[in-house]
Amino acid sequence: MGVADLDTSVVLFGKKLRAPIVIASMTGGTDEAGRINRELAAIAEERGYAFGLGSQRAMVVKPGTGATYLVRQGAPTALLLGNVGVVQARAMTTSEVRTIVDDVGADALCVHLNPAMELVQPGGDRDFSQGLRTIARLVRDLGVPVIVKETGCGISPAVGQRLRDVGVEHVDVSGAGGTSWVGVETKRASAAGNASARALGEALWDWGIPTAASVALLAPQGFETLVATGGIATGLDAAKAIALGATAVGIARPVLRAFAGGGRAGAMALLDGIESELRAAMLLTASRNVAALRRTPRVLVGELATWVQGLR
C-alpha cells in the first residue's frame with residue numbers, strides 16, 4: 001500500500017469531506033468575528049472540511065449581529081454547523097431555534113453545554129435545569145441533526161448514556177486539553193477586578209475530562225458521530241483521536257492562530273501539515289481509510305489509561 005492508496009475522506013450528515021476535519025466553532029457577533037468566520041469558512045470550502053460557527057447567542061439577543069454569522073457566499077457547499085447554548089435554546093421555541101439554523105444555512109446544529117465557564121462569568125447563567133429535556137425536544141422536532149457539544153470540559157460516559165437515552169446520535173466531546181474557556185473567563189474577571197470570580201476560575205481552570213479519555217469512553221456507546229475537539233493541534237493528534245473512536249476532529253485555536261499570524265497562507269500551511277501527518281499515521285498503521293484507522297490496535301498508557309479505567 002502506498003500513500004496514493006489512502007482515502008482520508010468521510011461522510012458527515014450526508015456530505016463528503018476530503019478529510020475528517022472540522023474547523024471548529026470559535027467566534028461571532030462582531031465585525032472582526034464576521035471577517036474571520038468568512039475567511040475560515042472559505043478555507044473549509046476549498047479544502048473540503050466542515051466549518052462550525054461560534055455561539056449564535058449574539059444573533060439571538062442582538063439581531064443586528066446576524067450578518068457576522070453569514071458565510072454561505074464563500075462556502076456554498078461546505079458542511080456548516082450552527083451553534084446555540086442549551087440554556088438559550090431552553091428559552092426558545094423549536095421554530096425560533098430552527099430560524100437561526102435556516103438564517104445561516106446550517107446543515108446541523110451544535111447545542112453547547114458550558115456550565116463551568118458560565119459559573120465564572122460575572123452575570124453568566126446559573127440555572128441549567130431542563131437541559132436534557134430541551135435537547136430531547138430539539139432532537140425530536142428540529143428537523144436537522146443536533147450535535148451536543150461541550151466547551152472544554154469533556155463528556156462523561158454517564159452523561160453520554162443520558163444523551164443516548166433521549167435519542168442523541170451526535171456529540172462533540174470538546175474535552176479538556178485545548179482552550180480553557182474557564183481560563184478565558186478567569187482572565188476577564190481578573191481584568192475587571194472581580195476577585196471572587198477570578199478565584200473561582202482559578203480553582204476550576206483545568207476542570208474536565210481530557211479529550212482523549214472522553215472519546216475513548218464514549219466510543220463504545222455507539223454514537224453515529226463522535227467529534228474530538230479540544231487540544232487537537234497536529235495530524236498525529238487527529239490520528240490518535242480517530243484510533244480511539246472519533247469520527248472526525250475539531251481544530252480551533254491552532255487554525256485561528258495560524259490565520260492571525262500568516263493570513264490565509266498561514267492557515268493553509270498548517271492544514272497541509274495536519275493532513276500530511278494524518279496520512280503518514282494511516283500508512284504506518286496500514287489503515288487504508290478512516291474507518292480502518294478507527295479499528296487499528298492501540299495501547300493506552302499513563303494518564304489516559306488511568307482516566308479510562310477510572311471512569312469506565
Side-chain angles (χ1 to χ4, degrees), residues 9-28 37 40-45 47-57 59-60 66 69-86 88-90 92-114 131-132 134-151 155 160 163-164 166-174 215 218 221-230 232 241 246-252 290:
S9 69
V10 296
V11 176
L12 292 183
F13 306 114
K15 289 193 172 182
K16 186 174 182 179
L17 308 185
R18 186 178 89 182
I21 294 173
V22 181
I23 298 180
S25 49
M26 288 173 280
T27 190
N37 277 337
L40 295 184
I43 289 171
E45 173 80 16
R47 299 191 68 95
Y49 300 163
F51 180 75
L53 292 167
S55 172
Q56 292 173 255
R57 180 176 187 170
M59 188 176 176
V60 174
Y69 298 93
L70 301 182
V71 300
R72 274 301 187 200
Q73 184 172 356
T77 67
L79 174 61
L80 179 62
L81 310 180
N83 191 324
V84 69
V86 69
Q88 286 70 57
R90 181 188 63 194
M92 301 168 70
T93 66
T94 303
S95 61
E96 287 172 336
V97 176
R98 182 59 191 253
T99 295
I100 69 169
V101 172
D102 292 342
D103 283 350
V104 298
D107 300 293
L109 178 69
C110 293
V111 178
H112 69 258
L113 317 175
N114 62 344
L132 195 62
T134 299
I135 290 167
R137 167 171 61 90
L138 295 177
V139 169
R140 183 183 66 242
D141 299 333
L142 188 61
V144 298
V146 171
I147 307 154
V148 176
K149 174 183 174 63
E150 238 294 332
T151 52
I155 296 176
L163 294 172
R164 292 289 287 144
V166 299
V168 173
E169 293 286 351
H170 317 285
V171 296
D172 181 339
V173 302
S174 190
V215 169
L218 264 60
Q221 295 186 341
F223 289 99
E224 181 179 331
T225 307
L226 180 55
V227 181
T229 304
I232 305 294
T247 311
V249 301
I251 307 175
V290 174

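Quick caveat: nothing in here was measured; it's all calculated off a predicted structure.
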### Message
Please check this pair: side chain of Tyr49 against backbone of Ile43, looking for a donor-acceptor N/O pair closer than 3.5 Å.
### Response
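No.
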### Task
Check for a donor-acceptor pair, side chain of Lys15 on one end and backbone N or O of Ala78 on the other, with a separation under 3.5 Å.
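Flag set: sc Lys15 to bb Ala78 pair under 3.5 Å.
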### Task
Under the side chain to side chain contact (heavy atoms under 4.5 Å, CB included) rule, what do Glu96 and Thr93 come out as? Steps first, then yes or no, please.
CA-CA 5 Å; Glu96 287 172 336; Thr93 66; 3.1 Å; yes
In Å, rounded to the nearest 0.5 Å, how long is the span from [atom1] of [X] to [atom2] of [Y]?
X	Y	atom1	atom2	answer
Arg18	Arg47	CZ	CZ	5.0 Å
Arg164	Phe223	CZ	CZ	5.5 Å
Leu81	Ile147	CG	CD1	4.5 Å
Arg98	Leu142	CZ	CG	6.0 Å
Ile23	Phe51	CD1	CZ	7.0 Å
Leu70	Gln73	CG	CD	9.5 Å

Minimum heavy-atom distance [X]-[Y], with the two atoms named:
X	Y	result
Pro20	Thr247	CB-O, 3.7 Å
Thr225	Phe13	OG1-CZ, 4.0 Å
Ser9	Lys16	OG-CE, 3.4 Å
Val215	Ala228	CG2-CB, 3.6 Å
Leu109	Gln56	CD1-OE1, 4.4 Å
Leu138	Ala89	CD1-CB, 4.0 Å

### Task
Mind running side chain to side chain contact (heavy atoms under 4.5 Å, CB included) on Val84 and His112 for me, showing each step along the way?
CA-CA 6 Å; Val84 69; His112 69 258; 5.7 Å; no
Within the 4.5 Å heavy-atom criterion, are [X] and [Y] side-chain neighbours or not?
X	Y	value
Glu169	Val139	no
Val249	Val227	no
Thr77	Glu45	yes

### Query
Given Val104 and Val71, is the side chain to side chain contact (heavy atoms under 4.5 Å, CB included) satisfied, shown in steps?
CA-CA 7 Å; Val104 298; Val71 300; over 6 Å; no
#### Entry: Option from Leu113, Leu132, Val86 for which side-chain contact (heavy atoms from CB on, under 4.5 Å) with Val148 holds
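Output: one option passes, namely Leu113.
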### Query
Sequence neighbours excluded, which residues qualify as side-chain hydrogen bond (donor to acceptor under 3.5 Å, both in side chains) partners of Thr229?
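Thr229 satisfies side-chain hydrogen bond (donor to acceptor under 3.5 Å, both in side chains) with Asp172 once adjacent residues are dropped.
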### Message
Check this for me: does any side-chain nitrogen of one of Arg72 and Asp107 sit under 4.0 Å from a carboxylate oxygen of the other?
### Response
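Salt bridge: yes.
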### Asn114 and Glu150: CA distance, side-chain angles, deciding distance, side chain to side chain contact (heavy atoms under 4.5 Å, CB included) verdict
CA-CA 6 Å; Asn114 62 344; Glu150 238 294 332; 5.8 Å; no
